[in-house]
Every structure is written in C-alpha cells, then in structure tokens.
Amino acid sequence: MALVILGETTCAISGKIISGKENFLCFPQFLCDPNDPAIVCQDACVLREEFDKWELGDHVTRRVKEFWSLDYRLREARGTSTVVFESNDYLVVKSKVEEKVRILFLQHVFVIDVPKVTWQKFCKVLRSESNLIRFSPYSLKTKLIFSKRAEGVKICLHTQHIGKDCIQLSPSEWSRFQSILAAKESLFD
C-alpha cells in the first residue's frame, strides 16, 4: 500500500497536495502493464473527489479488484488468511496471523479492518437502528462513522494524524453488507 506524507504527497491524478483535510485513498502495487494508463495509481495516493470523477476510475477499480482477489487467494493458499466471502462488491478475509477481519468494498476501493476482539461488537453495532454509528475498532485514534440517510449510508474512516476517506453505499449495497455481517458474525466462535 502506498504511503502518504500529509502536506507533501501529491494526488497521482491531479497533482494537488494531500493535506489530510480531504478524503483520499492509497492504492496497492496492483498488477499493471507499463502502457496501461492505470499505472499512475499503482502504489500511489489520490484524492477521493478526483478519483470519483476521473474517466479511468472504473478501469483502476477493476485492476485493484483483480489484484485483491488474487492476493488474498494466494494468502489463503499459504495458510495465513481465509477468504470467507467474495462477490463483485465485497471481499471479506479472516487473517489468521493478525487476528482480524478485513472487509474490502471492491466497487469503492475502500478497506475496513476489524480486530477479532471487537468483531462481534462491530456486527452488533451495525445492526442498530441508529442513524449515526461511531465505532473505534482499534483505539480512539481510529474511528469508523456510519451515517444513515434516505439515499444510503456514508461510511467514513478517520485515522488521527493520517487522514480520512469516505464512501457512499446505496440502500441495496448497505442491505447486502448487513446480510454479509449477519452471516459472518460468529466468524471467531
């Protein structure tokens, strides 16, 4: 995964400085032909706003999805992880080494890590009827915020001194996500 130095790292798409006040995402070193225009995002960071309106955004998203699917299947073959759910929208991986669950929102190039010790609480909290849910999976330095609205659910990941990223799930995406969590809540039992 690319590293970001706030105030110095530039967006691979626009060249603007990433200050940390805006949403940004960092890409892994996904497989890419040197002539593929997606290469500008390989192991790089971009402003979410720039990425969402970029004409090559869908192409890069496909490349990242292919990479993540292959990478986690290889990890599974090595015995370090188990892919517990995979679809066109989501990849849910249980890490045996780090004792966590990684949820990859494939259509949004967005990742949430939830440690084993907070997994069941995380699943329970997200079933709540509350329109605003705050959850700190690791410490108070990392916060997940779920804002439910008529048009869907906004998920924001805030990490102190690092920055934030937010995505918007449609009502159907949110429903599918909740179904996955309900089916996988007992993952560590």
Side-chain angles (χ1 to χ4, degrees), residues 1-4 9 12 24-46 48 51 54 56-127 135-139 141-142 144 146 155 157 159 162-163 165 167 169-170 172-189:
M1 194 64 79
L3 297 176
V4 64
T9 302
F24 67 91
L25 63 151
C26 295
F27 293 98
Q29 195 167 358
F30 55 88
L31 303 174
C32 193
D33 182 280
N35 298 318
D36 187 330
I39 201 161
V40 300
C41 291
Q42 186 186 50
D43 202 26
C45 296
V46 300
R48 173 69 70 178
F51 184 71
W54 192 36
L56 294 175
D58 289 341
H59 177 66
V60 173
T61 299
R62 278 191 304 279
R63 290 280 185 232
V64 173
K65 284 169 58 173
E66 291 165 3
F67 170 78
W68 277 340
S69 182
L70 176 62
D71 182 53
Y72 285 103
R73 288 297 176 188
L74 290 172
R75 290 179 194 210
E76 188 171 45
R78 288 192 303 262
T80 60
S81 296
T82 302
V83 174
V84 295
F85 182 84
E86 185 171 9
S87 71
N88 192 44
D89 298 319
Y90 301 100
L91 181 61
V92 180
V93 181
K94 178 181 174 184
S95 173
K96 297 175 183 177
V97 176
E98 299 170 301
E99 292 195 325
K100 70 178 181 183
V101 175
R102 174 164 276 183
I103 304 166
L104 299 103
F105 296 77
L106 300 174
Q107 300 293 349
H108 300 279
V109 190
F110 187 79
V111 178
I112 294 175
D113 287 331
V114 182
K116 174 183 177 179
V117 296
T118 58
W119 175 249
Q120 286 189 328
K121 181 179 178 183
F122 174 75
C123 293
K124 182 180 177 185
V125 165
L126 289 189
R127 285 195 312 270
F135 187 78
S136 295
Y138 288 100
S139 69
K141 293 180 180 184
T142 302
L144 280 166
F146 298 81
I155 304 174
L157 174 64
T159 306
I162 295 175
D165 190 17
I167 61 170
L169 298 184
S170 69
S172 62
E173 285 176 302
W174 177 248
S175 178
R176 284 193 307 275
F177 178 58
Q178 286 196 304
S179 296
I180 294 165
L181 290 181
K184 302 303 176 191
E185 186 171 353
S186 61
L187 209 51
F188 290 104
D189 289 347

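Below 30°, between 30° and 60°, or above 60°: for F30 and F27 the angle between ring planes is above 60°, a perpendicular geometry. Ring pair F105/Y90 is perpendicular by interplanar angle, where above 60° counts as perpendicular and below 30° as parallel.
In this structure, K184 has no side-chain hydrogen bond (donor to acceptor under 3.5 Å, both in side chains) partners at least two apart in sequence or on a different chain.
Distance alone, capped at 3.5 Å, places no donor-acceptor pair between the W119 side chain and the K100 backbone. Side-chain atoms of S87 come within 3.5 Å of backbone atoms of D89 as a donor-acceptor pair (strictly under, hydrogens ignored). Using a distance-only test at 3.5 Å, with no hydrogens or angles considered, no donor-acceptor pair links the side chain of E99 to the main chain of K116. In this structure a side-chain-to-backbone donor-acceptor pair under 3.5 Å is missing from S69 to K65. A donor-acceptor pair is defined here as one N or O able to donate and one able to accept, closer than 3.5 Å; such a pair exists between the side chain of E173 and the backbone of S170.
For the residue pair S186 and Q120, the shortest heavy atom distance occurs at CA-NE2, 4.2 Å. The minimum heavy-atom distance between W68 and L91, with the atom names listed, is O-CD2, 3.9 Å. In terms of heavy atoms, F188 sits closest to K94 at CE2-CE, 3.5 Å. For the pair R48 and H108, the tightest heavy-atom approach, listed with the atom from each and the gap, is NH1-O, 2.7 Å. Minimum heavy-atom separation, P137 to T142: CD-O, 3.7 Å. Taking all atoms of both residues into account, the shortest heavy-atom contact from L31 to F67 is N-CD1, 4.1 Å.
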Would L181 and E185 count as a side chain to side chain contact (heavy atoms under 4.5 Å, CB included) if you check the C-alpha gap in whole Å, the side-chain angles of each, and the deciding distance to 0.1 Å?
CA-CA 6 Å; L181 290 181; E185 186 171 353; over 6 Å; no
Candidate pair V92 and V101, rule side chain to side chain contact (heavy atoms under 4.5 Å, CB included), full reasoning
CA-CA 7 Å; V92 180; V101 175; 3.7 Å; yes
Take R63 and D36 through the test side chain to side chain contact (heavy atoms under 4.5 Å, CB included) and record every step on the way to the result.
CA-CA 10 Å; R63 290 280 185 232; D36 187 330; 2.9 Å; yes
For R102 and Y72: C-alpha separation, side-chain torsions, deciding distance, then whether side chain to side chain contact (heavy atoms under 4.5 Å, CB included) applies.
CA-CA 10 Å; R102 174 164 276 183; Y72 285 103; 2.8 Å; yes
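At least one side-chain heavy atom of L25 sits under 4.5 Å from a side-chain heavy atom of V46. Contact of the K96 side chain with the T80 side chain is not registered, since no non-hydrogen atoms from C-beta on lie closer than 4.5 Å. In this structure, the side chains of F24 and T9 stay at 4.5 Å or more apart for every pair of heavy atoms. In this structure the side chain of L104 reaches within 4.5 angstrom of the side chain of V93, judged on heavy atoms.
Less than 6.0 angstrom separates the ring centroid of F122 from the ring centroid of F135.
Under 4.0 Å is where a charged nitrogen must lie from a carboxylate oxygen, and between D71 and R75 at least one such pair does.
Between L169 atom CG and S175 atom OG the span is 11.0 Å, to the nearest 0.5 Å. The distance from the NE2 atom of H59 to the SG atom of C32 is 6.0 Å, given to the nearest 0.5 Å. Taking CD1 of I167 as the reference point, atom CD1 of I155 lies at 4.5 Å (rounded to 0.5 Å). Rounding to the nearest 0.5 Å places CG of D58 at 7.5 Å from CZ of F51. Remark: L56 CG to I39 CD1 distance equals 13.0 Å, nearest 0.5 Å. Of the inter-residue distances, the one linking R73 atom CZ with S81 atom OG reads 11.0 Å to the nearest 0.5 angstrom.
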